[in-house]
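Since the structure comes first, as structure tokens, the remarks are kept for the end.
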Amino acid sequence: MQELINRAKELLDDGTVARVLGWRAGDLPYNPEPAYFENAESLKDFVYNGFCGANLSKYMIEASKLEGKTLVCLKPCDTYSFNQLIKEHRVDREKAYVIGVGCKGKLDIEKIRAQGIKGIESIEGAEITDEAETLKIQTIYGEKTCAYSDAMLERCHVCKGKEHKIYDEQIGESKETKDGERFDEVSRIEAMAPAEKFAFFKKELSKCIRCNACRNVCPACSCRKCVFDSNKFDSSQKANVDSFEEKMFHIIRAFHVAGRCTDCGECSRVCPQGIPLHLFNRKFIKDIDELYGEYQAGDDTDSKAPLTNYTFEDAEPSIVGKRG
Amino acid sequence: MSSKKKQAELIEEISGVNPLKCMKCGKCSASCPSYNEMDIKPHQFVSYVINEDVESLVNSESLWKCLSCFACVERCPRDVKPGKLIDAARQMVVRQRNNTYLSPDEVPELLDPEIPQQLLVSAYRRYRR
Amino acid sequence: MYKIAKENLSALFRLIADSQELYLPVKTAGQVNFAAWSEEAEVALDTLKSVKSPKDAFFPQSEGLYTVRREGRKMKVEPESLKEQDFVVFGMKACDVKGLEVLDNVFLSDPVDTFYAARREHGTIVALACHEPEESCFCKVFGVDAANPAADVAAWMIEDELHWKALTEKGEALTEKVKELLSDGDEAAVETEKQSIHNIIEKLPYMNLSLDGWNGGALSEKFDDKLWEELYKPCLACGTCTFVCPTCQCYDIKDYDTGNSVSRYRCWDSCMYSDFTMMAHGNNRTSQMQRFRQRFMHKLVYYPANNDGMYSCVGCGRCVEKCPASLNIVKVIKAFQKQGGEK
Amino acid sequence: MSIEKKEFRPKIVAFCCNWCSYAGADLAGSSRLGYPADVKIIRVPCSCRVNPMFILRAFEKGADGVIMCGCHPGDCHYSTGNFYARRRMTLLFSMLDYIGVENGRTRVEWVSAAEGVKFSDTMNSFVEKIYSLGENVRLGDLRCRN
Amino acid sequence: MQRIGVFVCHCGSNIAATVDVSKVAEMALMEPGVVHAEDYQYMCSEAGQAKIADAIHEKKLTGIVVCSCSPRMHEATFRKAAERAGLNPYMVEIANIREHCSWIHKDMEEATKKAVILMRAAVAKVNLNTPLQPGESRVTKRALIIGGGIAGIQTALDIADAGYEVDIVEKTPSIGGRMSQLDKTFPTLDCSACILTPKMVEASAHEKIKIYTYSEVENVSGFVGDFTVDIRKKARSVDMDKCTGCGVCQEKCPSKKAPSEFNRGLNNRSAIYTPFAQAIPNVPVIDREACIKFKTGKCGICSKVCQAGAIDYEQKDEIITEKYGAIVVATGFDTINLDKYDEYAYSQSKDVITSLELERVMNAAGPTHGHLERLSDGKAPKEMVFIQCVGSRCSDDRGKPYCSKICCMYTAKHAMLIRDKYPDVNVTVFYIDVRTPGKNFDEFYRRAVEQYGVNYIKGQVGKVIPQPNGKLLVQGSDLLDNRQILKEADMVVLATAIEPNPDVRKIATMLTASIDTNNFLTEAHAKLRPVESPTAGIFLSGVCQGPKDIPETVAQAGAAAVKAIGLLAKDKLMTNPCTAHSDELLCNGCSTCENVCPYGAITYEDKEVNDHGIREVRRLAVVNSALCQGCGACTVACPSGAMDLQGFSNRQIIAEVDAICR
């Protein structure tokens with residue numbers, strides 16, 4: 001982290017960048033917030049640790065409008081989103097100085113809480129340079145421990161890899177955290193009977209409070225005004241009525257980002273109700289891979305997206321019933 | 001449904017051929033090595049099936065004269081495959097004869113140097129699946 | 001003072017639910033929220049904070065107001081009926097109860113919101129003291145005593161027994177109804193529990209949060225502060241903070257065309273949303289900074305200005321836990337405090 | 001809940017492209033090839049005009065089945081429209097199937113202007129399927145039931 | 001709020017017999033916005049239209065719903081009627097209660113119910129209709145003809161004679177096409193060159209016609225009336241202005257081993273060549289693949305012998321960009337590849353030839369100087385066999401499913417000519433059917449049989465077996481005699497199926513003209529618009545649209561010309577107003593819509609917008625409404641809903657959905 005701060009200072013000092021987009025230490029051990037730093041002095045609050053899960057690429061939409069370059073810290077998975085935003089002309093590559101930062105898996109405070117750990121005062125082992133496999137957590141109810149990997153976000157267990165897809169320079173080592181297959185859960189649901197599938201999603205989606213956090217955090221949901229906020233489709237409902245609205249919203253949202261979603265997992269990370277929203281996006285990714293050939297959004301900035309492409313021999317929609 | 005119609009449909013089912021696709025070009029008869037031995041010529045097979053006269057086809061010389069060389073099948077421009085039709089008629093007879101199929105192990109014993117090479121090749125083609 | 005053994009709680013719930021609706025913390029797909037009790041429901045009384053606050057029980061996230069039907073070429077308006085049955089909300093925390101006080105000030109003052117009033121009238125609250133408060137809690141800062149919930153019935157979970165004390169007439173009535181299941185409680189044990197809770201509260205990290213300078217009179221000083229320009233930046237403009245908050249009371253009114261009729265309903269709105277208070281001429285808050293500022297100014301300045309200095313934050317800490325960008329009211333207060341210190 | 005049992009008459013929306021399928025439906029009409037009156041056709045310029053929002057909207061408002069018809073792939077009046085539509089619908093239907101909505105409620109069929117028979121056959125078989133599935137309870141909005 | 005009038009047509013009894021039309025009208029009055037409803041016997045009649053006009057005036061209608069037959073039938077009629085009455089034509093919607101209702105349902109109650117719902121959907125849509133104005137686009141008064149065969153030449157001449165400029169782009173070094181390769185033409189047996197050459201000369205001399213030979217269309221953009229076309233003029237290596245066409249270069253060229261395309265590879269030509277003597281332009285090209293100078297750098301003989309100094313080895317391909325108002329496709333045909341028909345021994349014997357090759361053999365300028373001889377040994381044949389339908393009428397993947405149409409006639413022609421010139425040669429034709437619908441066609445065929453003694457045998461040939469003695473054993477069957485035939489022949493001629501020029505797929509893609517499964521260009525309507533492509537401004541001439549003979553080709557060429565002239569004669573075109581439109585305040589500038597637009601109608605511009613007080617420069621999608629054809633692909637691709645289609649807007653379609661589902 002110190003290396004990152006030093007480099008940021010250098011780049012601020014020599015005028016290469018006008019600001020740094022990173023994370024500011026929070027007032028609790030686990031709540032750093034995305035923040036801009038405009039001078040060397042302010043960087044004293046800069047932090048980069050296991051709780052810096054936020055994908056900063058979406059902030060670059062606004063940062064691209066500012067004067068001068070913005071240094072942005074992107075984890076390997078964030079770089080896919082950044083590429084995708086370049087492809088869609090939503091960020092300006094020239095306005096960004098990308099530092100690919102290392103990552104050893106990001107932590108999910110909810111997973112720590114789920115283990116009954118509460119009253120947290122401090123957490124040791126979340127530092128990015130730490131080799132620690134275990135988090136030591138001091139609470140008002142005594143000291144607790146938690147394996148690092150047990151506290152990791154779901155997305156890190158199916159990590160796309162350590163490679164930064166785009167960067168100006170790289171700082172820090174990354175660690176292999178993948179220990180699961182990302183389509184396993186989707187396959188499990190696919191194998192369910194229709195009634196069971198329906199019950200599963202009904203239960204999950206009935207929790208939705210329409211807070212729009214999933215949409216607002218999503219780097220693919222970069223619309224200035226979402227269709228669900230405009231009256232273009234006469235769809236501007238924002239009530240949760242536990243009947244249709246949530247399904248409509250989540251299906252359409254997943255559809256709108258289909259072929260554009262890089263599977264960065266932010267939607268699931270931010271959902272206050274812990275709805276596994278990535279299951280929608282991954283279903284589309286899995287279908288696209290299976291039907292139209294493997295495609296990873298954000299791998300590059302110029303490939304044709306699956307939904308703006310076609311072949312004469314594409315599968316017919318009836319394949320859905322035939323696959324079983 | 002009359003038994004005649006049933007038989008004709010059975011032929012179509014076994015052979016997988018739609019006899020109505022035939023445009024009566026005669027290329028099958030032109031290709032057939034057994035043409036002169038046959039009483040019903042390959043291009044006529046189709047009309048026998050269409051006219052639901054499978055009986056005559058079954059009782060014909062042609063039924064056993066066809067070598068299953070499949071020249072007609074290969075060359076038929078309309079995908080009608082008269083060879084498959086006659087083969088289907090033959091299968092019908094075989095099925096009626098109480099499932100007396102030839103098992104593969106019995107084949108070597110039955111081989112006879114006199115058997116025309118073409119028949120052997122045809123047999124392999126016929127039974128390759 | 002009564003008590004009931006933990007293993008008899010289901011019998012208690014069954015008994016209450018026999019005659020009225022019962023809402024309590026229920027775990028669904030891994031998350032705890034207030035929901036109607038049923039035999040199958042996984043009741044989660046141990047959970048300190050439900051994701052959404054229980055204000056839902058009195059001010060639902062969406063509720064019908066009236067329905068308009070066409071009869072030939074005429075219109076017929078059918079108003080939604082008000083709540084007529086009694087119901088019990090079980091397991092609210094002191095902060096949530098205080099949150100209702102904030103809502104009362106809004107909805108029960110003139111003009112009275114009849115939907116809300118009817119629910120308040122028919123609702124009986126059994127509040128549970130917070131056995132183990134957590135680091136995100138700061139209710140004490142707003143004068144809430146987590147050990148002493150001020151509801152119809154106050155309850156304490158002490159080891160394997162729930163202690164029960166009716167505080168109001170409604171509470172007494174409910175107690176009467178379920179008396180058969182209750183036995184005499186242990187005042188001393190409750191006092192010990194309260195003391196232990198107070199001890200924990202003193203150790204919480206936010207205990208020393210100072211509200212100096214935040215009051216109804218601070219309007220222009222705070223409104224014009226440059227600090228907002230910095231603070232709002234990580235905000236995603238989602239509605240998480242408002243929708244989990246026990247005191248947020250803004251709603252939107254919308255129409256839903258069912259094909260056969262038009263239902264007018266209201267649903268929670270969030271000041272973080274771009275269409276918040278959208279009017280025919282447009283919106284008077286055009287930037288996210290303005291909307292962000294609105295939320296905190298409302299809680300800490302505008303509301304106190306209109307309600308005798310009462311803040312519309314109760315320190316439940318839900319926003320601290322749930323904000324996707326790790327922003328929250330505490331950080332805002334601290335940022336101003338720090339700036340004040342540096343000046 | 002009222003217990004009175006009404007005969008189930010499904011609501012079926014058919015999106016037909018102007019150039020092929022709508023004309024195919026016209027041909028079915030002029031050839032007097034019947035299909036159940038439960039089917040109502042909406043004319044769109046091309047199958048690629050059919051937004052998934054329309055399909056979900058139909059279900060929301062109480063449709064029991066939605067079918068989309070377009071020109072055969074390769075014959076699109078706009079040359080490529082139905083190729084995009086094909087991918088969109090495949091993914092959408094797959095998603096609906098994934099969340100447990102009966103797959104038979106959605107269908108895409110390519111019907112040319114000359115295929116009046118196919119149009120009527122398609123509608124007959126689709127309606128039959130919807131009858132066998134019964135009322136759409138999984139996707140409809142409860143508010144639309146009264 | 002609209003003021004909508006609903007007009008329910010009885011269509012005699014076509015609708016009224018199954019739909020209670022007065023009930024539909026009565027129910028219409030219940031719908032929001034409807035201020036007038038009536039039913040009438042024939043809404044499309046003059047009296048019916050007058051009723052609409054009266055109601056527009058009296059009730060001050062702003063929108064019209066006609067419940068009648070398919071909009072494909074009378075939408076235009078009612079729109080015009082509304083327009084005459086002063087209403088914007090796009091405020092009219094049709095509820096199709098005939099084809100989609102009365103004609104397919106029997107039960108009156110059920111059909112009436114459905115008609116009411118269809119009416120409601122149309123009313124719901126009209127409530128959201130807005131008046132639309134067609135745009136105007138100008139017409140470039142020049143036509144492009146792709147292909148310089150007889151079809152292209154005839155179309156060019158007809159258009160040019162009407163006074164418009166025409167450019168012909170021809171891929172080969174000379175115009176003339178397939179017809180220039182033919183020896184005689186049926187059924188009159190005229191010499192093909194004698195009737196074609198004057199046309200070629202006329203075209204080349206015409207002041208309005210410009211010919212680009214050895215050139216190809218590289219790129220097409222734009223739309224009806226205003227196409228922009230890039231033409232690649234391939235390097236000829238000969239300066240067309242200097243060359244006198246003396247031919248010395250071709251004589252002296254030492255490289256004479258390149259197969260002659262014109263003679264179907266039956267003999268060779270020099271590396272610098274004109275395809276045939278009457279070529280237009282009479283300027284040779286250097287085949288750089290075959291030229292020694294280009295291959296080794298040494299030689300340069302042609303340059304030395306050229307008195308005019310026309311040889312230019314440095315010449316490069318040149319791209320010419322030109323504007324056109326109309327484009328005529330006349331890309332013609334080729335014979336199919338016979339690799340898959342090994343039973344006819346085409347690849348095994350030089351004496352098995354295609355009919356087109358026989359044309360060259362019979363031609364005085366051909367490889368045998370017009371003598372009928374075997375290409376293997378030069379001997380005169382005694383027995384000739386013609387096999388019909390080689391690759392035509394095939395339902396498998398070896399051939400073509402269609403009838404090539406011209407083979408029966410040209411085979412009769414060949415048989416006749418051979419019997420006439422070489423009476424001692426026996427000619428046998430194996431046929432499946434002899435198809436001779438055409439003026440004097442059957443008479444022509446009968447002459448071959450009756451007068452010239454050509455032996456016609458009904459029955460396809462199964463196999464042609466080359467014999468060790470050089471003869472060809474033809475195994476066929478005579479279906480009428482029910483006997484198999486084994487016939488020794490000296491030459492076998494295959495009536496090979498024809499297929500559209502393989503380049504046509506590429507060209508069709510550039511033009512966004514649709515193409516069928518056999519690569520024939522699709523006409524806008526099989527019966528009523530046979531020479532127009534569904535893509536506006538593209539016309540079809542000759543075999544690119546379907547098999548045809550010369551007279552038919554010339555007739556269609558003229559028809560295509562007339563259609564093109566009809567377009568060029570206009571100064572301005574009205575454009576379809578039902579085009580896509582982007583809402584500037586919602587557009588993200590993400591380019592998704594651009595990626596799915598088949599017409600290249602969407603571009604991006606940096607524009608300043610005022611978004612509720614926020615002024616900023618944004619990258620925004622801009623639709624060129626003249627290019628947009630209104631398919632709507634972009635509207636669905638657009639995630640924010642910024643892109644919408646006028647006349648079929650999101651809200652309109654949703655209103656229809658709602659109306660149907662309620």
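Remember, predicted model here, so these are calculated numbers, not experimental data. Lettering of chains follows the sequences in order, A, B, ..., and the numbering in each one begins at 1.
- Rounding to the nearest 0.5 Å gives a distance of 6.5 Å between CE of A:M248 and CZ of D:R57.
- When each of D:L56, D:T80, D:V108, D:N51 is checked for heavy-atom pairs under 4.5 Å with chain A, D:L56 comes out on top.
- Of all the listed residues (A:A195, A:S318, A:A193, A:A258), the one sharing the greatest number of non-hydrogen pairs under 4.5 Å with chain D is A:A195.
- For the pair D:P73 and A:E316, the tightest heavy-atom approach, listed with the atom from each and the gap, is CG-OE2, 3.9 Å.
- Here the OH atom belonging to A:Y292 is positioned 4.5 Å from the CG atom belonging to D:L91, to the nearest 0.5 angstrom.
- Rounded to the nearest 0.5 angstrom, A:E204 CD and D:I99 CD1 are separated by 13.0 Å.
- Closest heavy-atom contact between A:A315 and D:T90: O-OG1, 3.8 Å.
- Remark: side-chain polar atoms of D:Y98 are not paired, donor with acceptor, to backbone N or O of A:V186 under 3.5 angstrom.
- When heavy atoms are compared at a cutoff of 4.5 Å, A:F201 approaches chain D solely by way of its side chain, counted from C-beta outward.
- D:R87 approaches A:P306 most closely through the heavy-atom pair NH1-O, 2.7 Å.
- One finds the OH atom of D:Y84 at 6.5 Å from the OG1 atom of A:T308 (value rounded to the nearest 0.5 Å).
- Residues D:F83 and A:T311 share a closest heavy-atom pair of CD2-O, 4.0 Å.
- Using a 4.5 Å cut-off on side-chain heavy atoms (C-beta onward), D:L96 and A:I251 make contact.
- Considering CG of D:D97 and CD1 of A:I319, their distance stands at 12.0 Å, rounded to 0.5 Å.
- Of the atoms belonging to A:E313, it is backbone heavy atoms, and not side-chain ones, that fall under 4.5 Å from chain D.
- Open room surrounds NZ on D:K129; 12 or fewer heavy atoms of other groups in view lie less than 6.0 Å from it.
- In this structure, D:E128 places its CD atom where only 12 or fewer heavy-atom neighbours from other residues, nucleotides or ligands lie under 6.0 Å away.
- In terms of non-hydrogen atom pairs under 4.5 Å with chain D, the most contact-rich of A:N309, A:D287, A:I189, A:L279 is A:N309.
- In terms of modelled atom types and a separation under 3.5 Å, the side chain of D:R86 and the main chain of A:F312 share a donor-acceptor contact.
- At a 4.5 Å heavy-atom cutoff, the contact between A:F280 and chain D is made by backbone and side-chain atoms alike.
- Atom NZ of A:K203 has 12 or fewer heavy atoms from other residues, nucleotides or ligands within 6.0 Å.
- For a residue to count as touching a neighbouring chain, one of its non-hydrogen atoms must lie under 4.5 Å from one of that chain's; by this rule A:E196 does not touch chain D.
- In this structure, A:K283 and D:S94 have side chains that are in contact, with non-hydrogen atoms separated by less than 4.5 Å.
- Only the side chain of A:L291 comes within contact range of chain D, judged by heavy atoms closer than 4.5 Å.
- A 4.5 Å side-chain heavy-atom check between A:P194 and D:R138 finds at least one atom pair inside the cut-off.
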